[in-house]
Structure formats: C-alpha cells, structure tokens
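Reading through the structure tokens given below for one structure.
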Amino acid sequence: EEPPPPHPGFTKMAMGAARRANVRLPPEVNRILYVRNLPYKITTEELYDIFGKFGALRQIRVGTAAETRGTAFVVYEDIFDAKNACDHLSGFNVCNRYLVVLYYQPNKMFKKLDKVKKKEELDKVKEKYGVGD
C-alpha cells in the first residue's frame, strides 16, 4: 500500500529549503541591517510595518542620541529575509527621504569610532606638550 501524498504546501516548503541550502551568500550579508536617512519622526511601529513585510523580525533599535538620530538597526530572524529587505528597501522613499539600507558590519563601525578616539587622544597629547601640526 502506498503512503498518502504529502501535503501540497510541504513540497513547496521543502523546495524552498533545498534552494536556500544551495545559495552562497556574499560574506557581508548579515541578519542585522543598518538603516540611515530615516525621518526623525518615524516610529518603531512604522519601521516594523515597513521591514516586517520581508519576514520575521527579532528586534528594531532606533537611534535616539544626537549622533544616531535618523538611524536604526533592524534584526531579522532569517538571513535570507534580511537580504531580501536590503535588496528591496534600499532607496525606498519614506516621507520624501530615501532609505539607505546596509548590512551591519561591526568592524567598519568600530574602526571609524577608533579613529576618532585616537585623533582626540593625539590632540590632547599635542596640546599637553605644546606640539603643533
């Protein structure tokens, strides 16, 4: 006796999983997206509406400090959903502003901060010893 045919949705899901297993993503692709050029008045709920269309979200963190306003981190549960959102939402118009959606790359962010800190320290030392440029 033959087993019953699989549920019609099952084969579609199995095919999707198999297709994903063969996909090699570029190294910068990440579950965490860094979003810039957001309107200052945008709410977290509005961000969930925009980014949630592409898949399950783990969290969204909106920048509130002076230097982080207009930015957010959007964390997806699935890396393929994050890639899809990044591909489709970069350049998306929100309140006459075009979103800049990037993959979060901690090494680049910290390098930039590191440079600023080192320059500040160097300037302090120069001032302390009366050394000019």
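Please read these numbers as outputs of a predicted model, since none were measured by experiment.
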Is a donor on one side and an acceptor on the other found under 3.5 Å between the side chain of Asn30 and the backbone of Tyr104?
yes
Same cluster or not: Tyr98 versus Val101, using hydrophobic residues (I, L, V, M, F, W, Y) connected whenever any side-chain heavy atoms lie under 4.5 Å apart?
no
Can you check whether Leu38 reaches Thr71 side chain to side chain, under 4.5 Å on heavy atoms?
no
Nearest-0.5 Å distance that lies between atom NZ in Lys124 and atom NZ in Lys119
12.5 Å
Whether Arg36 side chain and Val100 backbone form a donor-acceptor pair below 3.5 Å
no
To the nearest 0.5 Å, tell me how far Glu121 CD sits from Lys126 NZ.
13.0 Å
If you apply the rule side chain to side chain contact (heavy atoms under 4.5 Å, CB included), what do you find for Phe80 with Val29, and how did you get there?
CA-CA 9 Å; Phe80 289 92; Val29 175; over 6 Å; no
Out of curiosity, Arg61 CZ to Thr68 OG1, how far, rounded to the nearest 0.5 Å?
10.5 Å
Kindly give the heavy-atom pair with the smallest separation between Lys41 and Glu46, and that separation in Å.
O-OE1, 4.2 Å
Got a salt bridge between Lys53 and Asp49, using NZ or NE/NH1/NH2 to carboxylate O under 4.0 Å?
no
Flag yes if Tyr48 and Leu33 sit in one hydrophobic cluster, no otherwise; membership is Ile, Leu, Val, Met, Phe, Trp, Tyr, and two members link when side-chain heavy atoms are under 4.5 Å apart.
yes
Determine the minimum heavy-atom distance between Tyr103 and Glu28, stating which atoms define it.
CB-O, 3.1 Å
Could you measure the distance from the SG atom of Cys86 to the CD1 atom of Ile79? Nearest 0.5 Å is fine.
11.0 Å
Smallest separation among heavy atoms of Thr64 and Arg69, with atom names
O-CG, 3.7 Å
Student check: side-chain heavy atoms of Pro39 and Val94 closer than 4.5 Å
yes
Leu47 vs Val74, test: side chain to side chain contact (heavy atoms under 4.5 Å, CB included). Steps then yes/no.
CA-CA 9 Å; Leu47 287 173; Val74 177; 5.7 Å; no
Tell me whether the rings of Tyr34 and Phe73 are parallel (<30°), tilted (30 to 60°) or perpendicular (>60°).
tilted
Could you give the distance from NZ (Lys117) to CD (Glu120), rounded to the nearest 0.5 Å?
8.5 Å
Do side-chain atoms of Tyr76 reach the backbone of Phe51 as a donor and acceptor pair under 3.5 angstrom?
yes
Could you state whether Ile50 and Tyr40 fall into the same hydrophobic cluster, counting links through intermediate Ile, Leu, Val, Met, Phe, Trp or Tyr residues with side-chain heavy atoms under 4.5 angstrom apart?
no
